[in-house]
Amino acid sequence: MGLNVYNTLTRKKEPFHPIEEGKVRMYVCGPTVYNYIHIGNARPAVVFDTVRRYFEYRGYKVNYVSNFTDVDDRLINASKARHQSVPEIAEQFIKAYKEDTGALNVQPATVHPRATETMPEIIAFINKLVESGFAYESNGDVYFRTRKFKEYGKLSHQSIDDLKAGARIQIGEDKEDPLDFALWKAAKPGEIKWNSPWGDGRPGWHIECSAMVEKYLGDTIDIHAGGTDLTFPHHENEIAQSESLHHQTMAHYWLHNGHIQINHEKMSKSIGNVILVHDLIKKFDPQVVRFFILTVQYRHPINFSDALLNDAVQAFGRLKTAHYNLSHRLNESESAANETIVEKYRKPFIEAMNDDFNTANAIAVLFDAARDANIALQNESSTIEELQAYLQVLTELPAVLGLTLADDTDRIVDRDVEALIQNREEARKNRAFDVADAIRDQLKEAGIILEDTPQGVRWKRGNV
RNA sequence: GGCGGCAUAGCCAAGCGGUAAGGCACGGGUCUGCAAAACCCUUAUCCCCGGUUCGAUUCCGGGUGUCGCCUCCA
C-alpha cells in the first residue's frame, strides 16, 4: 500500500503521486517575523518537517520551500513601537525562529525566501495580473478582481455569495467589490516602501507566496501546506492569483494542520494565553515538545497544558530508557542487526505513516518495540543480533519523526564518583548493604541514579 | 447565517462494518539484599435517539455538547 494523504481540496484521502518520479516539491507557509514564535507556529514547522523526513526516508528528494514574511502591517507596527527599523526586527526574529525550530529539531528548508528579497518577482507577478485584467490599480493600491476567477472558493468549499456576507471593506480602501483583496498597498508617509509601477508601496500578504512558489518550485507543485486557518482566505487567494495567471493547478495536494488549544480554547493574544516556544523549552525538553506534538494526528486540534506535557515526559522517558538500556547491554559490541526483527517494526511504522502521516500510530509501534526490547533484555538467551535489531529500530524509526532516543547526557563522571561506585560494588560483594545504600543515597543527592543489573551497575542522571 | 472538525477508560489518544492499539496515572503481583529499571495482571454499556445490515464505535438521518474558519490568526 502506498502513501495516502488527506487533501483539503477534495476533502478526501488520496494516493500520493508526485509530478516528477522520486521528487517532491512542497511549500509551507512560514511565519511573519515580528515576534518570537508560539507553539501554534511550531506545529506546522514540526509536522511538515516530519512529512519531509518521511518522504526522504522513503527515498524521495524533497525540495522544501518555506517563506519568511518580513514586511507587513504587524512588522510596521512593531517597528513603530520599538523604534527599530522593519529589517532590524525581521532579522532578529528570523534568527529567533531558526533557534526555536532548531531546538525542536526542525531541519532548515531547502530555501527560506523572504518577501523583501522577492520584490522583483512579486511586482512582475502583479503586473501580469493587471495586464490580464485580473487586477486593477486604485489610488496607489492594487486589488485582485476576485469574481473574475471562476473557481474562487474551491479550496474552502464556500460559494462566492456566501463569502460576500463576511467580506468587509476597510476605511481608505477603494475596491470595486468587497471580495477583492490587496496585491499591493500604497505606502503611508514614513513607512518602508519599494518602488513599483503603481507608486511606492509594499506587497499584500498573499502575493508573496504565489511569487515564491513560482520562482522556486514552478507553476504546479506537489504539496502546499500550512495551518488550517490559512485555508481561507490566504490559500484561496493564492490559488486565485496563481491559477488565473498560469492557467494550471497551483498544487495537487493541500495539507492543513489543526490548531493548538489552551484549556480547550483558541490560543490568542486577546485571551492572553499565548505560549512562546522560547519560554516553553526552558521548562520542557524540546524533544518532548516535539514528541507531544506528534502524538496527535496532525489534522486534529491539540490541547496544551503542563500536565499533558508532564505525561509526555514520562512516556518519552520510557522510550529513552529502553534505548539506553539496550546500549548499556550492548556496550561496545559491533554486530549486524537481525533484519527480521527490524522489519517487524519497520513495516507497521511505514503502514502508519502511509496513512496520512499517522504519527500517533507510528509512535505506538515505537512503544511496542520498546516493550519487546525490554523483554529481550531480560532474557539471558537473547543474541547480540536480536538486541542490536531493537537498538536499530529505536534509532532508525524515531529519526524519521525527528526524535533521538540516544542518551545525550554527559557520561563523564569525575574520579570521586567513579571511586564511590567502585566502593559500593565492593561493599555489595561483602554484603555490607548499609554502606552500599548510603553511597547510593549520596550519589542520588548528587543527581546520579544507580541501577544494578546482571551486567553490572548502570547509572543515569536524574533529579530528585 | 454559510462551511467544517471533534465527542472512545481517571487523563491523553488510535481504530472507522465483525464486540475496542498505544501512552500516562491508579491498584495487585514477579524480579531485586533493598531499590531502580523492567515484565505480567487489572480498568471502556465507544455522547443520545432512530435507520441500513446477519452484524455498527465504525455507514445514513436526527439530536445534544464542544472547538474552529468566514476578521492578513499557524
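To find a chain, count down the sequence lines: A is the first, B the second, and so on, and within it residues start at 1. What you see below is based on every heavy atom in this structure, not just the backbone, and it leaves out hydrogens, waters and symmetry mates.
When the C1' atom of B/C73 is taken as reference, atom NE2 of A/His235 falls 13 Å away, rounded to whole Å. Atom CZ in A/Phe181 sits roughly 15 Å away from atom P in B/C70 (whole-Å rounding). In this structure, A/His206 atom NE2 and B/U71 atom C1' are separated by 11 Å, rounded to whole Å. Across the protein-nucleic acid pair, A/His259 atom NE2 and B/C6 atom P stand 16 Å apart, rounded to whole Å. Following rounding to the nearest Å, A/Leu155 (CG) and B/G4 (C1') show an atom-to-atom distance of 12 Å.
Taking atom P on both nucleotides, B/C67 is separated from B/U45 by 26 Å, rounded to a whole Å. Of the C1' atoms belonging to B/C12 and B/C6, the separation is 15 Å, rounded to the nearest Å. The same atom, C1', is picked in B/A20 and in B/G63; the two are 25 Å apart, to the nearest Å. Nucleotides B/U64 and B/C48 place their C1' atoms 7 Å apart, quoted to the nearest Å. Here the separation of B/U32 from B/A14, taken at their P atoms, is 40 Å to the nearest Å. Across the P atoms, B/A13 and B/A56 are found 28 Å apart, a figure rounded to whole Å. Between B/U52 and B/G62, the two C1' atoms lie 15 Å apart (nearest whole Å). Distance check on atom C1': B/G15 versus B/C46 gives 11 Å, rounded to whole Å.
Here B/A21 is the nucleotide among B/A21, B/G23, B/A36 with the atom lying nearest to any side-chain atom of A/Ala364. Checking B/C3, B/U71, B/G23 against every side-chain atom of A/Ala315, the shortest atom distance belongs to B/G23.
Residues meeting the salt bridge (charged side-chain N to carboxylate O under 4.0 Å, His left out) test with A/Lys347, sequence neighbours left out: none. Residues passing the salt bridge (charged side-chain N to carboxylate O under 4.0 Å, His left out) test with A/Lys98, sequence neighbours excluded: none. Judged as a salt bridge (charged side-chain N to carboxylate O under 4.0 Å, His left out), and not counting sequence neighbours, the contacts of A/Glu343 are A/Arg346. Evaluation of the side chain to side chain donor-acceptor pair (under 3.5 Å) rule for A/His234 yields A/His206, A/Glu238 as partners, not counting sequence neighbours. In this structure A/Glu214 satisfies the side chain to side chain contact (heavy atoms under 4.5 Å, CB included) test together with A/Phe125, A/Lys128, A/Asp219, A/Leu245, A/His246, sequence neighbours excluded. The side chain to side chain contact (heavy atoms under 4.5 Å, CB included) search around A/Pro87 returns A/Ser85, A/Ile192, not counting sequence neighbours. Partners of A/Asp452 by salt bridge (charged side-chain N to carboxylate O under 4.0 Å, His left out), not counting sequence neighbours, listed by chain and number: A/Arg424, A/Arg428. Residues passing the side chain to side chain contact (heavy atoms under 4.5 Å, CB included) test with A/Ala370 are A/Leu319, A/Ala322, sequence neighbours excluded.
Looking at heavy-atom distances under 4.0 Å, A/Asp368 makes contact with sugar-phosphate atoms alone, never a base.
Within the 4.0 Å cut-off from OP1 or OP2 of B/A25, at least one side-chain nitrogen or oxygen of A/Gln314 is found.
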Expected rows: protein N/O vs nucleotides 11-19 of chain B N/O, under 3.5 Å:
{"residue": "B/A14", "atom": "OP1", "partner": "A/Gln297", "partner atom": "N", "Å": "2.9"}
{"residue": "B/A14", "atom": "OP1", "partner": "A/His300", "partner atom": "ND1", "Å": "3.4"}
{"residue": "B/A14", "atom": "O3'", "partner": "A/Asn358", "partner atom": "ND2", "Å": "3.2"}
{"residue": "B/A14", "atom": "O2'", "partner": "A/Asn361", "partner atom": "OD1", "Å": "2.0"}
{"residue": "B/A14", "atom": "O2'", "partner": "A/Asn361", "partner atom": "ND2", "Å": "2.6"}
{"residue": "B/G15", "atom": "OP1", "partner": "A/Asn358", "partner atom": "ND2", "Å": "2.9"}

Under 3.5 Å, which N/O atoms of the protein pair with N/O atoms of nucleotides 26-34 of chain B?
{"residue": "B/G33", "atom": "O6", "partner": "A/Arg428", "partner atom": "NE", "Å": "3.3"}
{"residue": "B/G33", "atom": "N1", "partner": "A/Asp437", "partner atom": "OD1", "Å": "2.9"}
{"residue": "B/G33", "atom": "N2", "partner": "A/Asp437", "partner atom": "OD1", "Å": "3.4"}
{"residue": "B/G33", "atom": "N2", "partner": "A/Asp437", "partner atom": "OD2", "Å": "2.5"}
{"residue": "B/C34", "atom": "O2", "partner": "A/Arg440", "partner atom": "NH2", "Å": "2.5"}
{"residue": "B/C34", "atom": "N3", "partner": "A/Arg440", "partner atom": "NH1", "Å": "3.0"}
{"residue": "B/C34", "atom": "N3", "partner": "A/Arg440", "partner atom": "NH2", "Å": "3.3"}
{"residue": "B/C34", "atom": "N4", "partner": "A/Asp452", "partner atom": "OD2", "Å": "3.1"}

So which protein nitrogen or oxygen atoms get under 3.5 Å of nucleotides 37-40 of chain B's nitrogens or oxygens?
{"residue": "B/A37", "atom": "O2'", "partner": "A/Asn325", "partner atom": "ND2", "Å": "3.0"}
{"residue": "B/A38", "atom": "O3'", "partner": "A/Asn374", "partner atom": "ND2", "Å": "3.0"}
{"residue": "B/A38", "atom": "O2'", "partner": "A/Gln378", "partner atom": "NE2", "Å": "2.8"}
{"residue": "B/A38", "atom": "N3", "partner": "A/Gln378", "partner atom": "NE2", "Å": "3.3"}
{"residue": "B/C39", "atom": "OP1", "partner": "A/Arg318", "partner atom": "NH2", "Å": "3.2"}
{"residue": "B/C39", "atom": "OP1", "partner": "A/Asn374", "partner atom": "ND2", "Å": "3.3"}
{"residue": "B/C39", "atom": "OP2", "partner": "A/Arg318", "partner atom": "NH1", "Å": "3.2"}

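Using modelled atom types, one finds a donor on one side chain and an acceptor on the other under 3.5 Å when comparing A/Asp372 with A/Tyr345. A/Asn67 and A/His112 share no side-chain donor-acceptor pair at under 3.5 Å.
At a threshold of 4.0 Å, the pair A/Asp356-A/Lys13 does not count as salt-bridged, since none of the basic side-chain nitrogens sits closer than that to a carboxylate oxygen. Salt-bridge check for A/Asp72 with A/Arg202: failed, with every basic side-chain N at 4.0 Å or more from each acidic carboxylate O.
Contacts between residues 26-51 of chain A and RNA chain B, defined by a heavy-atom separation below 4.0 Å, involve A/His38, A/Gly40, A/Asn41, listed by number.
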### Task
In sequence, state the C-alpha distance, the side-chain angles, and the governing distance for A/His256 and A/His235, and then conclude on ring pair (Phe, Tyr, Trp, His ring centres under 6.0 Å).
CA-CA 10 Å; A/His256 293 98; A/His235 288 161; 5.0 Å; yes
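A/Phe367 does not carry A/Arg318 over the face of its six-membered ring by the limits of under 6.0 Å from the centre and within 45° of the normal.
For A/Lys266 against B/C67, no side-chain N or O and base N or O form a donor-acceptor pair under 3.5 Å.
Between A/Tyr34 and A/Phe93, a ring centre-to-centre spacing not shorter than 6.0 Å is recorded.
Judged by closest nucleotide on RNA chain B, A/Phe367 is the one of A/Gly258 and A/Phe367 placed further toward the 5' end.
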